[in-house]
*Asks:* 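There's a structure below that I have some questions on.
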Amino acid sequence: ADTDARLASRTMADASAPPAAGAPTEPAGPTPFQQKSPYYAKRIELFEKYFAREGEKQEAAKLTNETIQVVMPDGAIKEAVRNVTTPWDIAMGIHKKLAQASLLAHVDGGDWDMRRPLEGDCALKLFSFDDPEGKELYWHSSAHVLGEALELEYGADLTIGPSIEEGFYYDCFLGERTLSDHERDAIQSRMEKIFKEKQPFLRIEVTREEALEMFTENKFKVELITNLPEDARISCYRCGPMVDLCRGPHLPDTAWIKSVSVNQCSRAHWRADVTKDPLVRVYAVTFPNDKLMKEYKLRIEEAKKRDHRVLGQTQELFMFNALSPGSCFFLPMGAKIYNNLINFIKEKYWEYEYEEVVTPNIYNFELWKTSGHAAHYKENMFSFNVEKEEFGLKPMNCPGHCVMFGNRKRSFRELPMRLADFGVLHRNEFSGALHGLTRVRRFQQDDAHIFCRPDQMEHELSQFLKFLDSVYEVFGLTYEMKLSTRPEGYLGEIEIWDQAEAALTQVLNASGREWKLNPGDGAFYGPKIDITVFDALKRRFQCATVQLDFQLPIRFNLSYVTENNEPARPVIIHRAILGSVERMFAILTEHFAGKWPFWISPRQVMLVPISEASRGYALEVRKKLHSAGFHAQVDETDRKMQKKVREAQLEQWNYILVVGDGEQTNGTVNIRTRDNVVHGEHALIDLMAVLETERKTKSLTCMFGVEKSAAAAAASATVANNPTHTNRTTGTRTDTKGTATTKRSTV
């Protein structure tokens, strides 16, 4: 504690030192940090007081020397001392390298600091940075270092600083001041100094009153504390002079963090509410070595090139306008992709026997009162008055489908009833949260609801997973699944929950895919399978969902007549695969880097006439392609042929067909692809056959070369089995010695 106090004093003194020559200077008078220093010092003093209390407990435990047993994942049992031995000690007892790699412990399934003493007999599991749990802890600890840097540099009032998918951020209040990107270097430099100081992460537990005393000058922390129960035990962590409310756990010390990049400074609002205090949000990422940081930066550079907002403009797919914020204008090329996505799902609906319905966009608010959205979701809805009654634009389809189901008496023979809806949805997202196509106010979903009997749940869920797999396979997307089970505040009968969770478990086991358990994270109305998609850059997205719902049937008083002529409640399965079509559009744009597979591409075939004399033939070929349902255009500009080809490749036309006098005479086209693979002269009818196959099979790659290679392989196999074989394409006959002779043509 004395060493840490000296370290904190040195760090705070460093923060109070005058700026270096040439550095920006604050206005005359005390800096924001100097103004906050008395508060920070008091916070440290109180922390030391409560930390001494924790130390007394540990010293008493050493005297007691009570033995406990720790069970490792492989079944090995390690002896330890209650309230003395830590997971770090256990790891060191096994191997030093294990301890050095372990960032986080799970004690009986719960998160635990590596240096926190074990409190009794337990099962112990350790995690490294290679594990998702280890990364989350690493970035959460790094967020505390970022918070410390923001306090030392700017005297910030810290609010919250969570880890995110890749990295972390901290929201802070700076009064009227904002931070811009040119200040990132100063923050990064401060964080690097903190790493080198090897500041330990120290933990205490305090009462609500003690926490309020410690954070009395930070109104944001006070609000968080006052929302906790009066008898709550609150954990706090300290690194250097920074003390924060936190459930933990954390790294042993700041020296475990080796490489940092402060990426962005942006604006936010407290509680994500634009009517509340404006905050500054600082994003950063850290890694345990420079190699991982280098790989990350390369990935980010590639992601920038693939940004759907950039590609959407350059490829003229969509646009936004301030006259309708958060509502996308899909341009002709973008609309082709959008409609292809919807039509693809419609094909699957036919295959899996869904019934498509069309429902209203506007409902009287009585519907939302019945569904519960009026009480819990109204702030995210667009509402207005019509003839003195309140109406709202629908944010989801399920209540409307319930109205349909309840429209008349239903028999068990009608179940399962699978209702699919591409209706337009609106959600009142904050303007600051809008982000390209991934966060919008107007969107459509491949939304469907299955009304079924409890004994049909397992079959319907199994069919859904097959449906899901077949769609994601076409896009070349991989995914993972988690079963989220009954939360503490669940509604309904536990027997139904048990039956539902058992059905979900059985379906997941039968899928043949790995899955994880996510206990206690189900919706209050039913368990669910959370599905995370990975794109070409291995980024994670939440798109598909399947949720069981026992509550809406009760709220809408839905029932069907059983085979025993008795009323029974149906179960509703909420499910989507694309999720928001807009969001999937964005994901696929970046996944394919704008190089759309032929079947979904808005730019399939570009005709390039060599000269004006070939223009008529090019238009004739284009008409044939158009009649066959292909998106084709003719480049009628006066540019040179080579320039036309290059422009078509840059615009990502899948096929470029060059035509001149020779092609017109032969009824052929000269084929090349956007990747500049030249296939040469071929009959138009042969090309169209390949294009039709490529479209029908929804191939991810060009099939023209594949077809050619397959034909060559087949020809080679035939030659091997036949002394003489006639090639139907070239009209030559080949003997076993490889000598070719021209076959005499017959009329």
Side-chain angles (χ1 to χ4, degrees), residues 317-318 328 330-361 394 396-398 400-401 404-405 414-426 437 440 442-452 459-477 479 531 533 541 543-547 572-589 591-592 596-602 604 626 628-631 691-700:
L317 302 178
F318 58 84
C328 184
F330 282 96
L331 302 171
M333 290 298 180
K336 290 171 184 174
I337 298 171
Y338 197 95
N339 291 333
N340 274 336
L341 287 172
I342 290 177
N343 290 336
F344 174 38
I345 296 300
K346 287 186 176 184
E347 290 174 16
K348 288 294 181 179
Y349 280 158
W350 180 262
E351 180 181 343
Y352 284 88
E353 300 193 34
Y354 283 69
E355 297 290 344
E356 193 174 344
V357 297
V358 179
T359 51
N361 282 0
K394 66 178 178 182
M396 63 272 298
N397 289 308
C398 38
H401 292 179
M404 281 183 138
F405 185 92
E414 296 179 75
L415 304 183
M417 181 182 293
R418 308 180 189 98
L419 303 182
D421 198 332
F422 288 100
V424 174
L425 306 176
H426 287 84
L437 291 175
V440 291
R442 184 267 185 208
F443 61 98
Q444 291 175 253
Q445 288 183 317
D446 62 330
D447 196 16
H449 297 90
I450 302 170
F451 298 81
C452 65
H459 175 74
E460 292 303 312
L461 291 167
S462 177
Q463 288 297 103
F464 168 77
L465 291 185
K466 290 179 183 176
F467 189 162
L468 168 82
D469 196 61
S470 67
V471 170
Y472 283 178
E473 183 181 18
V474 165
F475 296 134
L477 295 171
Y479 61 94
I531 298 150
V533 174
F541 300 94
C543 299
T545 185
V546 57
Q547 303 178 4
I572 297 178
I573 300 176
H574 302 256
R575 44 111 292 152
I577 292 175
L578 302 182
S580 157
V581 180
E582 281 75 0
R583 182 175 173 81
M584 181 57 77
F585 191 116
I587 292 168
L588 292 177
T589 302
H591 177 60
F592 295 128
W596 298 96
F598 181 82
W599 73 270
I600 198 173
S601 176
Q604 293 178 327
H626 181 77
F630 299 115
H631 302 310
L691 297 186
E692 180 58 37
T693 301
E694 198 166 328
R695 178 171 61 182
K696 188 174 181 180
T697 60
K698 295 182 172 60
S699 172
L700 287 171

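Given the structure is predicted, the values throughout are model-derived calculations rather than measurements.
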*Asks:* How many angstroms lie between atom CD of Glu414 and atom CZ of Phe405, to the nearest 0.5 angstrom?
*Replies:* 7.0 Å
*Asks:* Kindly give the heavy-atom pair with the smallest separation between Met404 and Val358, and that separation in Å.
*Replies:* CE-O, 4.1 Å
*Asks:* Assess the pair Phe318 and Tyr338: is the distance between their ring centroids shorter than 6.0 Å?
*Replies:* no
*Asks:* So which of Leu588, Ile587, Ile345, Ile342 actually passes side chain to side chain contact (heavy atoms under 4.5 Å, CB included) with Leu578?
*Replies:* Ile345
*Asks:* Is there side-chain contact between Arg418 and Gln463, with heavy atoms separated by less than 4.5 Å?
*Replies:* no
*Asks:* To the nearest 0.5 angstrom, please state how far the CG atom of Leu425 sits from the CZ atom of Arg442.
*Replies:* 9.0 Å
*Asks:* Is any side-chain heavy atom of Lys696 closer than 4.5 Å to a side-chain heavy atom of Thr693?
*Replies:* no
*Asks:* Using only atom types and a distance under 3.5 Å, with no angle test, would you say the side chain of Arg575 pairs donor to acceptor with the backbone of Asp446?
*Replies:* yes
*Asks:* What distance separates Leu477 CG from Asp469 CG, expressed to the nearest 0.5 Å?
*Replies:* 11.0 Å
*Asks:* Heavy-atom count around Glu692 CD within 6.0 Å, excluding the residue itself: above 12?
*Replies:* yes
*Asks:* Mind telling me whether Phe344 and Trp599 have parallel, tilted or perpendicular rings, with 30° and 60° as the class edges?
*Replies:* perpendicular
*Asks:* Could you pull out the closest heavy-atom pair between Gly423 and Lys394, with the gap in Å?
*Replies:* CA-NZ, 4.0 Å
*Asks:* Which distance, rounded to the nearest 0.5 Å, do you find between the SG of Cys328 and the CD of Glu582?
*Replies:* 7.0 Å
*Asks:* Determine the minimum heavy-atom distance between Gln604 and His631, stating which atoms define it.
*Replies:* OE1-N, 2.7 Å
*Asks:* Taking Phe541's backbone N and O only, do any of them form a donor-acceptor pair with Arg583's side chain (distance below 3.5 Å, no angle check)?
*Replies:* no
*Asks:* I'd like to know whether Thr545 forms a side-chain contact (heavy atoms from CB on, under 4.5 Å) with His574, so could you lay out the CA-CA distance, the side-chain angles of the two residues, the decisive distance to 0.1 Å, and finally the verdict.
*Replies:* CA-CA 8 Å; Thr545 185; His574 302 256; 5.8 Å; no
*Asks:* For the pair Glu355 and Tyr349, evaluate side chain to side chain donor-acceptor pair (under 3.5 Å) and give the outcome as yes or no after the intermediate values.
*Replies:* CA-CA 7 Å; Glu355 297 290 344; Tyr349 280 158; over 6 Å; no
*Asks:* Please check: side-chain N/O of Glu694 versus main-chain N/O of Ser699, any donor-acceptor pairing under 3.5 Å?
*Replies:* no
*Asks:* Kindly compute the distance separating CZ (Phe443) from NE2 (His426), expressed to the nearest 0.5 Å.
*Replies:* 9.0 Å
*Asks:* Would you please indicate if the ring centroids of Phe464 and Tyr352 are separated by under 6.0 Å?
*Replies:* no
*Asks:* Check for a donor-acceptor pair, side chain of His591 on one end and backbone N or O of Phe475 on the other, with a separation under 3.5 Å.
*Replies:* yes
*Asks:* Find the distance between OG (Ser462) and CZ (Phe467) and round it off to the nearest 0.5 Å.
*Replies:* 14.0 Å
*Asks:* In terms of relative ring orientation, are Phe598 and Phe630 parallel, tilted or perpendicular, with 30° and 60° separating the classes?
*Replies:* tilted
*Asks:* Of the non-hydrogen atoms in His401 and Val357, which two are nearest, and what is the gap between them?
*Replies:* NE2-CG2, 3.7 Å
*Asks:* Side chain of Tyr472, backbone of Ile577: donor and acceptor closer than 3.5 Å?
*Replies:* yes
*Asks:* Does the side chain of Leu317 reach to within under 4.5 Å of the side chain of Trp596, using non-hydrogen atoms?
*Replies:* yes
*Asks:* Looking at every heavy atom in both Phe585 and Gly334, which two are closest together, and how far apart are they?
*Replies:* CE1-O, 3.4 Å
*Asks:* Over all heavy atoms of both residues, which pair between Ile337 and Ile600 is shortest? Give the atoms and the distance, please.
*Replies:* CG1-O, 3.6 Å
